[in-house]
> 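A single structure is presented below for examination.
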Amino acid sequence: MSISEDAAAARSVRNAWALSAPALILLTLAAAGPLLIVLVYSFLSPGKYGNVEWVFSLDGWRSVLYTKDIFDDSLQLADAHLTIFWRSVKLSLLTTGITFLVGFPTAWFIATRPPRARALWLFLITIPFWTNLLIRTFAINEVIRNEGLFNTVMIKLGLFSEPLRIINTDAAVLMGMTYVYLPLMVLPLFAAIDRFDMRLLEAGYDLYASRWQVLRRIILPIVKPGIIAGSILVFVPSLGAYVTPRVLGGGKQMMIGNFIELQFGQGRNWPLGAALSMSLLIVVMVALLVYVRAAGKEGHGHG
Amino acid sequence: MKNLLSATALLLASTGLASAEGVLQLYNWGNYTNPELLAKFEKETGIKVTVTDYDSNDTALAKIEAGGHGFDLVVPSANYVPIWVEKGLVVELDTAKLANKGNIAPEWADVAWDPGRKFSIPWQWGSTGVAVNTKVYGGDINTSSVWLEVPAELKGKINVVPEMNDIVAMATMWAGGAPCSEDTEVLKKARDALIAAKPDWISMDYGATEKLSNNDWAGSVNWNGSSMRARVANPDVAYGYPKEGYPLFMDSAMLLKDAQNVEEAYKFLDFIMVPENAALISAFARYANGIAGSEAFMPEDMKTAPEVVIPAEFKDKGVFLPTCTGKAQEYVTAIWTELQK
Amino acid sequence: MADRRFEPTRIPGFATVAVLAFVALYLPIFTLVAYAFNGGTSIAVWEGVSLHWFSKAWENEAVKSATLRSLTIASLAAIIATGCATLAALGTTRRRAFKGQTFIYVMINQPLMVPEIVTAVALLILFGMVKQWTGYQGLGYLVLAHSAFCIPFAYLPIRARLEGMDLSLETAAADLYANPWQTFRHVTLPLLAPGILAGAMLAFVISLDDVVITEFVKSGGQDTLPTYMLGQMRRAITPEVNAISTGLLGLTVILLTAFFLLTRKKA
């Protein structure tokens with residue numbers, strides 16, 4: 001490597017940091033930095049009425065995995081925590097899958113409209129989100145409840161003989177989360193598909209590729225960054241989802257977001273809440289890095 | 001000197017000559033403050049009240065404790081009042097500035113959570129009971145068995161509000177104990193009953209007013225004011241007072257230590273103790289207040305409402321939830337977590 | 001139409017799914033708007049047509065100021081977050097891997113990785129100290145907090161757009177003696193625009209919807225529409241909020257229509 005190339009590389013790295021600096025400063029001030037407080041709190045003792053007492057303790061971390069049985073003080077695996085965590089992961093994975101299955105065709109549809117119409121369709125995706133999340137969730141409830149729009153129409157049409165109970169089931173939570181997170185999948189997918197040179201498709205078909213082959217061999221590899229971005233934007237926030245599971249799921253089954261909230265609220269165990277948050281952060285971070293790295297490597301194979 | 005000033009101010013206010021434009025920052029439960037009340041207060045005193053909402057006692061407490069909040073008055077529930085006092089977040093009220101303090105009804109003038117009412121002025125009070133659609137279930141509704149041993153007619157149709165302290169306390173009382181009990185036999189019975197009953201509940205959710213009105217639910221553990229609004233919309237809904245014991249709550253206004261508009265705050269506290277004004281508070285959220293003589297100004301339908309006027313036979317079954325601490329609080333949280341798993 | 005021209009961009013079934021998705025997106029919005037015209041006090045029991053919730057919302061100072069505050073915060077946060085995210089995306093894509101790249105990536109995506117309540121509690125404690133220390137209690141804290149958690153939402157679409165974007169045009173511009181700024185302004189930025197638009201819209205919508213962090217960061221008199229709604233949730237929600245939402249939707253539709261009509265004339 002020549003000296004000038006070295007200098008160019010160094011300049012490139014300097015530029016990278018300089019360009020990222022505003023975002024990093026902002027995040028340090030108002031997101032990642034304050035998390036250090038939570039990290040410290042996870043090693044303290046719970047205060048009598050919430051908050052913390054400045055006495056070092058590992059109880060918060062211990063309670064993430066083990067709980068003392070409330071009645072005989074025996075130490076056992078905290079199966080309640082694990083059940084709640086597993087439910088969150090399962091629902092989030094399903095949500096990501098469904099938003100992709102719905103979002104990819106939608107993004108493709110938008111990206112293949114004439115340029116002027118494209119912006120319009122894009123806005124049409126986001127307009128429902130100009131209404132408030134809570135009221136939107138209540139509106140979904142209004143559509144799917146037993147005497148709601150969907151069931152009334154289906155019965156009038158003679159398709160159902162009695163209302164289909166969707167409300168307060170996992171299906172309702174999934175529908176609601178798919179609704180809420182759909183734009184988070186569609187917009188990055190759109191951004192990725194939109195730069196795609198459609199002539200490549202013609203080339204593919206000229207070479208007698210089937211539609212399926214074109215989709216798998218040409219479209220998916222090029223759209224991959226969009227898929228990665230979209231999945232992260234849907235999966236990670238839905239892990240901590242709070243409003244949708246509560247309103248549509250009827251609140252009978254907690255997700256991890258609700259559980260952490262409980263510790264900082266009525267549960268009055270901030271150190272446990274802090275330790276749970278840190279555990280979640282670590283799990284998500286590791287999963288994310290593995291995912292991005294694996295996806296990145298595979299991507300290189302296709303060039 | 002200060003007293004003289006405030007007395008002058010009060011005089012000016014009462015004669016409608018108020019010219020000093022003041023402001024007041026009220027931190028209160030959402031959808032709890034009648035805009036008409038604030039308009040009337042502004043008209044009389046020239047003080048503009050800004051209301052900011054919270055939706056849980058714990059959020060409000062954490063927020064004020066963190067500091068730099070800018071609020072003057074806060075309205076915590078009875079079981080949180082001693083916490084605010086113990087933490088030194090509020091100040092003792094200067095009775096000299098509260099000419100109307102005598103209007104507090106005798107039964108609310110000296111309460112366990114604030115002896116002598118040194119720190120708090122009544123806002124509203126109510127109860128947590130069970131609202132049931134009597135067309136669906138005709139049996140006795142004055143019992144927690146309605147939701148802890150769900151009768152066949154209500155299976156899959158009854159809701160339980162997700163209020164940890166209320167629900168665990170009601171189950172504990174149903175099992176024969178007192179709220180914040182540390183008796184493991186009683187707590188075990190309460191926990192087992194809750195876990196066994198959970199599959200029969202349709203949900204653990206808020207919004208009972210709506211869902212009882214439109215028949216999404218046939219019953220719910222619910223607050224009295226909300227149950228009353230549901231009954232007005234749907235006459236089949238009746239409100240029961242569990243005879244095993246049911247929680248009472250009272251929210252009271254308190255003056256914050258770092259309040260910046262202290263004089264304005266006193267004026268407001270005094271203002272809400274005028275019976276006519278207290279009635280305005282009740283007319284809005286449909287809960288009773290603690291001011292004697294306010295009944296005369298209440299909306300007609302509230303004077304006799306069975307949700308507001310507790311029948312004599314159930315009066316002594318109502319319990320103000322104490323502030324659970326230490327081991328008792330750990331039990332409550334552990335039972336709740338297990339219930340939600 | 002038996003002899004349809006072969007469209008390489010058409011994938012069977014995709015259009016159907018897309019149209020169904022749009023129908024599903026707008027079905028709840030339809031009921032939401034309908035109940036804004038409800039004569040009764042419920043968002044779920046129909047009691048005849050009336051405009052009274054619109055006048056009620058219009059007269060409600062608290063709601064009006066909360067709506068305005070939400071829009072102000074969302075606009076500022078979207079601009080700041082998209083600006084920072086665009087720069088960061090330019091900085092972290094299309095160059096050889098370097099030390100610290102993973103760190104930047106993790107930092108930017110960190111707000112996504114913890115439930116909101118955690119950031120909210122942390123900010124409550126930190127900002128509480130700063131507020132006491134500086135005496136400043138303005139809207140700046142909310143704008144700062146919103147800008148920060150909007151960054152990943154703006155960053156990821158922009159990055160997705162940038163990755164693998166054709167470099168040849170930029171090289172060509174440089175060959176034609178365009179300075180780096182000119183190259184960016186006239187070549188990179190236009191190519192990047194759809195990504196930036198997508199990112200900005202996401203950031204705006206995410207900020208508009210935020211409840212938990214706002215609830216913990218707000219000072220006196222700083223309710224936004226979502227925190228106002230949250231306060232109502234425990235008791236009862238009236239069609240007033242539907243009326244506000246409908247008003248906002250109406251405004252959006254009018255602005256969009258105007259925008260499209262104006263640009264059409266130019267074109």
Side-chain angles (χ1 to χ4, degrees), chain A residues 12-13 16 19-20 22-24 26-27 30-32 34-35 37-38 102 105-106 108-109 112 123 126-136 138-140 142-143 149 187-188 190-192 194-195 198 201-202 205 211 225-226 229 232-233 236-237 240 257 260-261 264 277 280-281 284-285, chain C residues 8-9 14-15 17-18 21 25 27-29 31-32 43-44 84-85 87-88 90-92 95 98 104 106-108 110-115 117-119 121-123 125-126 144-145 147-149 151 156-157 160-161 163 165 194-195 198 201-202 205 209 225-226 229 241 245 248-249 252 256:
Chain A
S12 162
V13 171
L19 286 167
S20 309
L24 291 181
L26 200 59
L27 288 161
L35 271 193
I37 299 177
V38 178
V102 178
T106 310
W108 183 265
F109 174 82
T112 52
F123 271 112
T126 38
I127 283 179
F129 298 85
W130 278 66
T131 60
N132 181 278
L133 172 66
L134 286 167
I135 196 73
R136 202 162 63 229
F138 282 114
I140 298 173
E142 190 48 39
V143 172
L149 191 65
L187 289 173
F190 165 80
D194 186 59
R195 61 143 211 258
M198 292 297 172
L201 291 182
E202 285 176 52
Y205 288 123
R211 282 196 194 275
I232 294 171
L233 282 177
V236 184
I260 291 175
E261 159 106 22
F264 283 109
S277 319
L280 183 67
L281 179 68
V284 172
M285 214 182 314
Chain C
T9 56
F14 270 29
V17 173
L25 273 182
L27 215 54
I29 302 304
T31 66
L32 182 158
I43 56 166
C84 291
L87 292 179
L90 286 168
T92 51
R95 50 185 93 227
F98 62 95
I104 298 180
V106 166
M107 274 290 282
I108 286 177
Q110 178 277 323
L112 295 173
M113 295 183 209
V114 289
I117 177 73
V118 181
T119 316
V121 171
L123 286 178
I125 296 159
L126 179 73
L144 184 65
S147 304
F149 71 70
I151 286 179
L156 285 170
R161 173 90 189 173
E163 265 176 8
M165 202 164 84
M201 287 203 300
L202 267 188
V205 165
D209 253 355
L225 203 52
M229 288 261 329
V241 188
S245 300
L248 269 179
L249 283 176
T252 326
L256 272 182

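Chain letters run A, B, ... following the sequence lines, proteins first and then strands; every chain starts at 1. As the structure is a computational prediction, the values presented were derived from the model and not from experiment.
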> So what's closer than 4.5 Å to chain A heavy atoms on C:Ile108: side chain, backbone, both or neither?
both
> Specify the closest pair of heavy atoms between A:Val236 and C:Leu112, including all atoms of both residues, with the distance to one decimal.
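So the minimum-distance heavy-atom pair works out to CG1-O, 2.6 Å.
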> Would you name the heavy atoms of C:Pro157 and A:Ala191 that are closest together and state the gap between them?
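Scanning both residues, the minimum pair turns out to be O-CB, 3.7 Å.
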> Counting heavy-atom pairs under 4.5 Å with chain A, which one of C:Leu90, C:Leu123, C:Leu225 comes out on top?
C:Leu123
> Within the 4.5 Å heavy-atom criterion, are A:Trp108 and C:Phe14 side-chain neighbours or not?
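When only atoms from C-beta onward are counted, C:Phe14 and A:Trp108 do touch, with a gap below 4.5 Å.
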> Which atom pair, heavy atoms only, marks the closest approach of A:Thr106 to C:Ala21?
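Heavy atoms only, the tightest pair is OG1-CB, 3.7 Å.
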> Would you say that C:Leu32 contacts A:Glu142 through its side chain, given a criterion of any heavy-atom pair below 4.5 Å between the two side chains?
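Not in contact.
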> So, for A:Val102 and C:Val17, which heavy atoms are closest and what is the spacing to 0.1 Å?
O-CG1, 4.0 Å
> Could you tell me which of A:Ile140, A:Leu233, A:Val284 has the largest number of non-hydrogen atom pairs under 4.5 Å with chain C?
A:Leu233
> With a 4.5 Å cut-off on heavy-atom pairs, point out which of A:Gly226, A:Pro34, A:Pro188 contacts chain C the most.
A:Pro34
> Sort A:Ile37 into side chain, backbone, both or neither according to what part of it lies under 4.5 angstrom from a heavy atom of chain C.
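For A:Ile37, side-chain heavy atoms alone lie under 4.5 Å from chain C.
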> Under 4.5 Å between any side-chain heavy atoms of A:Ser20 and C:Thr92, yes or no?
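Answer yes - side chains close enough.
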> Please classify the contact between A:Leu24 and chain C as side chain, backbone, both or neither, with a heavy-atom cut-off of under 4.5 Å.
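Interface part for A:Leu24: both.
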> Only counting residues at least two apart or in another chain, list the ones meeting salt bridge (charged side-chain N to carboxylate O under 4.0 Å, His left out) with A:Asp194.
A:Arg118, C:Arg161
> In terms of heavy-atom pairs under 4.5 Å, which option from A:Pro128, A:Gly257, A:Pro237, A:Ala32 contacts chain C the most?
A:Pro128
> Distance from A:Leu26 atom CG to C:Ile151 atom CD1, nearest 0.5 Å?
4.5 Å
> Going from CG on A:Leu27 to CD1 on C:Ile104, what distance comes out if it is rounded to the nearest 0.5 angstrom?
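So the gap between those two atoms works out to 11.0 Å.
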> Can you tell me which of A:Ala192, A:Gly240, A:Ala31 forms the most heavy-atom pairs within a distance under 4.5 Å of chain C?
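Highest number of heavy-atom pairs under 4.5 Å: A:Ala31.
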> Can you list everything that forms a side-chain hydrogen bond (donor to acceptor under 3.5 Å, both in side chains) with A:Thr126? Sequence neighbours excluded, please.
none
> Can you tell me which portion of C:Pro111 sits under 4.5 Å from chain A's heavy atoms? Options are side chain, backbone, both or neither.
side chain
> Tell me the closest heavy-atom pair linking A:Ala16 and C:Phe98, and the distance in Å.
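Looks like CB-CZ, 3.4 Å.
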> How long is the span from the CZ atom in A:Phe190 to the CE atom in C:Met201, to the nearest 0.5 Å?
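Interatomic distance, A:Phe190 CZ to C:Met201 CE, rounded to 0.5 Å: 8.0 Å.
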> Which bit of A:Ser12 is near chain C, if near means a heavy-atom gap under 4.5 Å: side chain, backbone, both or neither?
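For A:Ser12, heavy atoms of backbone and side chain both lie under 4.5 Å from chain C.
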> Nearest 0.5 Å, please: how far is CG in A:Leu19 from SG in C:Cys84?
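The CG atom of A:Leu19 is 11.5 Å from SG of C:Cys84, to the nearest 0.5 Å.
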> Of the options C:Val121, C:Val118, C:Thr119, which is the one that meets A:Val38 in a side-chain contact (heavy atoms from CB on, under 4.5 Å)?
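Running side-chain contact (heavy atoms from CB on, under 4.5 Å) over C:Val121, C:Val118, C:Thr119 with A:Val38 returns exactly one hit, C:Val118.
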> Give the minimum heavy-atom separation between C:Ala145 and A:Ala30, together with the two atoms involved.
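The pair with the smallest heavy-atom distance is CA-CB, 4.1 Å.
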> Quick one: CD1 on A:Ile127 to CG on C:Leu248, what's the gap to the nearest 0.5 Å?
11.5 Å
> What part of C:Thr31 lies closer than 4.5 angstrom to a heavy atom of chain A: side chain, backbone, both or neither?
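For C:Thr31, the contact with chain A is made by the side chain alone.
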